[in-house]
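Working notes, beginning with the structure itself.
Note that these values count all heavy atoms, side chains included, but never hydrogens, waters or copies made by symmetry.
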Amino acid sequence: MKHTFPAFLLLALAVAVLFSVVAAAISFALARWEGVSVPTALSRCGITFAASLTLCLAVFAALDRT
C-alpha cells in the first residue's frame, strides 16, 4: 500500500516539524546553559532544526520507496 494520501503526508510533515522544533528548543536551552550568547544559541538552534528536519524527511522518503 502506497502512502500518498494527502492527509497522511500532511500528518507526517507536521510530526517532522514538531520533532525538529523540540530538538531545536533543547539545543537552544543547552547552549544557553553552557553560557554562550543568545545569537550563538540561536545559530545552534537553527542548525539543529535544519539538520533534524532534513533527517526526518529523508527517512520519510526512504520509507515511501519501500
*Kindly indicate, with the supporting measurements, whether the criterion side-chain contact (heavy atoms from CB on, under 4.5 Å) is fulfilled by Glu34 and Arg44.*
CA-CA 12 Å; Glu34 217 175 62; Arg44 290 184 188 179; 2.8 Å; yes
_Suppose the criterion is side-chain hydrogen bond (donor to acceptor under 3.5 Å, both in side chains): which pairs have a residue in residues 6-19, not counting sequence neighbours?_
none
*Output the rest of the hydrophobic cluster of Leu18: all Ile, Leu, Val, Met, Phe, Trp and Tyr residues reachable through side-chain heavy-atom contacts under 4.5 Å, sorted by chain and number.*
none
_Nearest 0.5 angstrom please: Leu57 CG to Ser52 OG, how far?_
9.5 Å
_Between Ser37 and Thr40: side-chain donor-acceptor atoms closer than 3.5 Å_ = yes
*Separation between CZ of Phe19 and CG of Leu53, rounded to the nearest 0.5 Å*: 10.5 Å
*Hydrophobic clusters join Ile, Leu, Val, Met, Phe, Trp and Tyr when side-chain heavy atoms are under 4.5 Å apart, directly or via other members; which others share one with Val22?*
Ile26, Leu30, Trp33
*Atom pair CZ/CG of Phe49 and Leu42 - distance to nearest 0.5 Å*: 13.5 Å
*Minimum heavy-atom separation for Val36 to Ala31, with atom names?*
CG2-O, 3.0 Å
*State plainly whether one hydrophobic cluster holds both Leu13 and Val21, where clusters connect Ile, Leu, Val, Met, Phe, Trp and Tyr through side-chain heavy atoms under 4.5 angstrom apart.*
yes
_Check: Ser43 side chain, Pro39 main-chain N or O, donor-acceptor pair, under 3.5 Å_ = no
_Tell me the closest heavy-atom pair linking Ala16 and Phe60, and the distance in Å._
CB-CE1, 3.8 Å
